[in-house]
Structures are given as structure tokens and as C-alpha cells.
Amino acid sequence: PLEMSAKKPVPFLRQVVSVTKKVHRDPRFDDLSGEYKPEIFMKTYSFLDSIKKQEKEMIQKQLKKCRNMEQKEKLQQLLNRMTQQEQAQKKQQKLRERELSLKRQQRELAKQGKKPFFLKKSEKQKLELAEKYAELKRSGKLESFLNKKRKRNAIKDKRHLPSQKNL
């Protein structure tokens with residue numbers, strides 16, 4: 001038993017046995033949870049894609065039926081967010097596939113006895129841009145994309161030019 005001082009009044013609720021504090025751990029940063037590998041993650045949780053697709057269809061049906069403007073606006077925002085997430089996921093997947101193909105090529109070259117050559121970040125960006133232009137050309141949206149880009153650049157250039165008031 002713990003000896004208490006007679007000089008101090010005894011607390012109403014005193015701790016007889018000290019309780020060890022629970023240590024919370026975050027699985028995102030803990031080594032016990034394992035290493036994050038996106039390929040394995042995508043394979044394991046691939047069933048979520050079908051569920052998301054069903055939810056998207058359900059929201060589209062609700063959007064058609066809905067009469068309330070506030071509710072309709074919320075549903076539209078939700079639908080937009082879902083489509084954006086889907087597009088981002090596809091973009092990430094393409095990027096991952098491109099990196100994997102580059103790694104495979106490097107392995108093949110290494111097997112042949114050649115020195116590995118790793119692309120710089122700027123070179124990767126150039127390849128990505130070329131692929132984007134090829135995709136736009138295939139879909140027939142290249143001209144509109146270039147027009148928008150020209151307009152954006154013209155606005156930026158106008159901002160940097162001195163205004164007529166200063167002359």
C-alpha cells in the first residue's frame with residue numbers, strides 16, 4: 001500500500017494502482033502495418049470500383065427525379081466529385097503503368113549488358129506532354145485545347161506588359 005502524508009488531506013478519488021496509458025498508433029506511419037504498395041492495394045480493394053460505379057448510377061437516377069433545387073445542387077456536386085476522383089485514379093494508374101514499363105525496359109537493357117539510363121524529371125514531363133497531345137489529336141480536341149492555351153498565355157502576357165496609363 002502507498003503511504004500518504006498525514007499533513008495533506010486525502011483526495012476523494014485516489015489512484016491505488018497506476019494505469020498504463022494506451023499508446024495509439026497510426027497505421028499509415030507504423031512499420032507493423034507493412035509497406036504501402038499501390039499495385040497490391042488496387043488488387044485488394046478492386047471491388048470498391050464496382051460499388052462506386054453503382055453509387056454513381058444511383059446518384060444520377062436521384063438527380064433526374066429530384067425537384068428540390070438545393071438537393072439537386074448537392075447531388076450534382078457529389079456527382080462531379082465522384083467523376084473527378086475517377087479521372088484522378090485513371091490518371092494515376094496510367095502514370096504507374098508508364099513507370100513500370102520504363103522499369104521493365106531498364107531491366108531488359110541491364111540483362112543485355114548495357115548501362116541503365118534513367119530519365120530526368122523534365123524528360124518524363126516532355127514524354128507525358130507528347131502523350132497528352134497525341135491523345136487530344138486522336139480524340140479531335142487538340143485544336144480547342146491549343147486555342148484555350150493561346151488565350152491563357154495572351155492574358156498572362158498582357159499582365160506583364162506596361163499599361164497605357166504609364167505611357
Side-chain angles (χ1 to χ4, degrees), residues 12-13 15 19-106 118-166:
F12 179 68
L13 293 171
Q15 273 192 333
V19 181
T20 55
K21 194 173 182 182
K22 251 189 180 177
V23 179
H24 297 284
R25 62 182 191 90
D26 194 340
R28 295 173 297 174
F29 310 113
D30 200 358
D31 290 335
L32 291 172
S33 302
E35 192 178 326
Y36 173 68
K37 293 179 182 171
E39 295 83 23
I40 295 170
F41 182 84
M42 292 301 289
K43 281 181 185 175
T44 310
Y45 295 102
S46 60
F47 67 93
L48 288 176
D49 292 333
S50 60
I51 294 171
K52 283 180 183 179
K53 193 174 181 181
Q54 288 173 352
E55 285 178 353
K56 191 176 175 183
E57 289 171 1
M58 190 177 69
I59 289 170
Q60 285 173 338
K61 286 178 184 176
Q62 284 180 353
L63 192 65
K64 285 179 183 176
K65 289 180 184 178
C66 190
R67 297 280 181 241
N68 187 0
M69 289 304 287
E70 289 177 21
Q71 187 72 18
K72 201 170 195 175
E73 197 173 301
K74 282 182 181 178
L75 286 171
Q76 188 62 48
Q77 285 177 349
L78 182 63
L79 189 65
N80 288 343
R81 190 169 72 223
M82 288 176 92
T83 51
Q84 285 175 351
Q85 284 175 349
E86 199 175 289
Q87 287 171 350
Q89 193 176 14
K90 283 180 183 176
K91 190 176 179 182
Q92 241 180 358
Q93 185 66 28
K94 273 187 179 179
L95 189 71
R96 235 181 269 121
E97 285 173 6
R98 190 180 306 123
E99 285 177 5
L100 283 171
S101 67
L102 285 171
K103 279 184 182 179
R104 280 192 210 106
Q105 287 175 354
Q106 292 303 323
F118 300 102
L119 290 172
K120 293 184 215 167
K121 191 176 180 182
S122 60
E123 295 294 322
K124 284 182 185 178
Q125 286 174 342
K126 283 179 187 175
L127 285 172
E128 197 173 312
L129 191 64
E131 196 174 296
K132 183 179 180 182
Y133 276 102
E135 182 68 35
L136 285 168
K137 195 171 187 178
R138 236 182 283 126
S139 63
K141 297 177 182 176
L142 181 63
E143 201 58 45
S144 63
F145 175 77
L146 289 174
N147 285 336
K148 284 179 187 176
K149 197 167 182 79
R150 276 190 213 104
K151 283 180 186 177
R152 257 185 269 138
N153 288 337
I155 291 168
K156 282 182 187 176
D157 291 341
K158 275 186 185 177
R159 241 186 264 145
H160 294 296
L161 289 174
S163 63
Q164 290 293 328
K165 295 175 191 173
N166 296 344

note = Separation between CZ (Phe118) and NZ (Lys124), nearest 0.5 Å, reads 9.5 Å
task = Please list, chain by chain and in numerical order, all residues satisfying salt bridge (charged side-chain N to carboxylate O under 4.0 Å, His left out) with Arg25, sequence neighbours excluded.
result = Asp30
message = Around atom CZ of Phe47, are there more than 12 heavy atoms from other residues, nucleotides or ligands closer than 6.0 Å?
response = yes
Contacts under 3.5 angstrom, residues 51-77 side chains, donor-acceptor by atom type, not counting sequence neighbours:
from: Asn68; atom 1: OD1; to: Glu70; atom 2: N; distance (Å): 3.4
from: Gln76; atom 1: NE2; to: Asn80; atom 2: OD1; distance (Å): 3.3

ask   = Considering only heavy atoms from C-beta outward, does the side chain of Gln89 approach that of Met42 to under 4.5 Å?
value = yes
inquiry  = How long is the straight-line distance from CZ of Arg96 back to CD of Glu99, given to the nearest 0.5 Å?
reply    = 8.5 Å
ask   = Hey, are Lys94 and Glu131 close enough for a salt bridge, meaning a charged N less than 4.0 Å from a carboxylate O?
value = no
query = Atom NZ in Lys120, atom NZ in Lys126: separation rounded to 0.5 Å?
reply = 8.0 Å
message = I'd like to know if the side chain of Thr83 and the backbone of Leu79 have a donor-acceptor N/O pair within less than 3.5 Å.
response = yes
key: Selection residues 135-154 - residue pairs positive for side chain to side chain donor-acceptor pair (under 3.5 Å), sequence neighbours left out   = Glu135-Arg138, Asn147-Arg150
request  = Step by step, work out the side chain to side chain contact (heavy atoms under 4.5 Å, CB included) result for Gln93 and Glu97.
outcome  = CA-CA 6 Å; Gln93 185 66 28; Glu97 285 173 6; 3.5 Å; yes
query = Heavy atoms, side chains only, cut-off 4.5 Å: are Arg159 and Ile155 in contact?
reply = yes
Heavy-atom closest pair, residues Ile40 and Thr44 = O-OG1, 2.6 Å
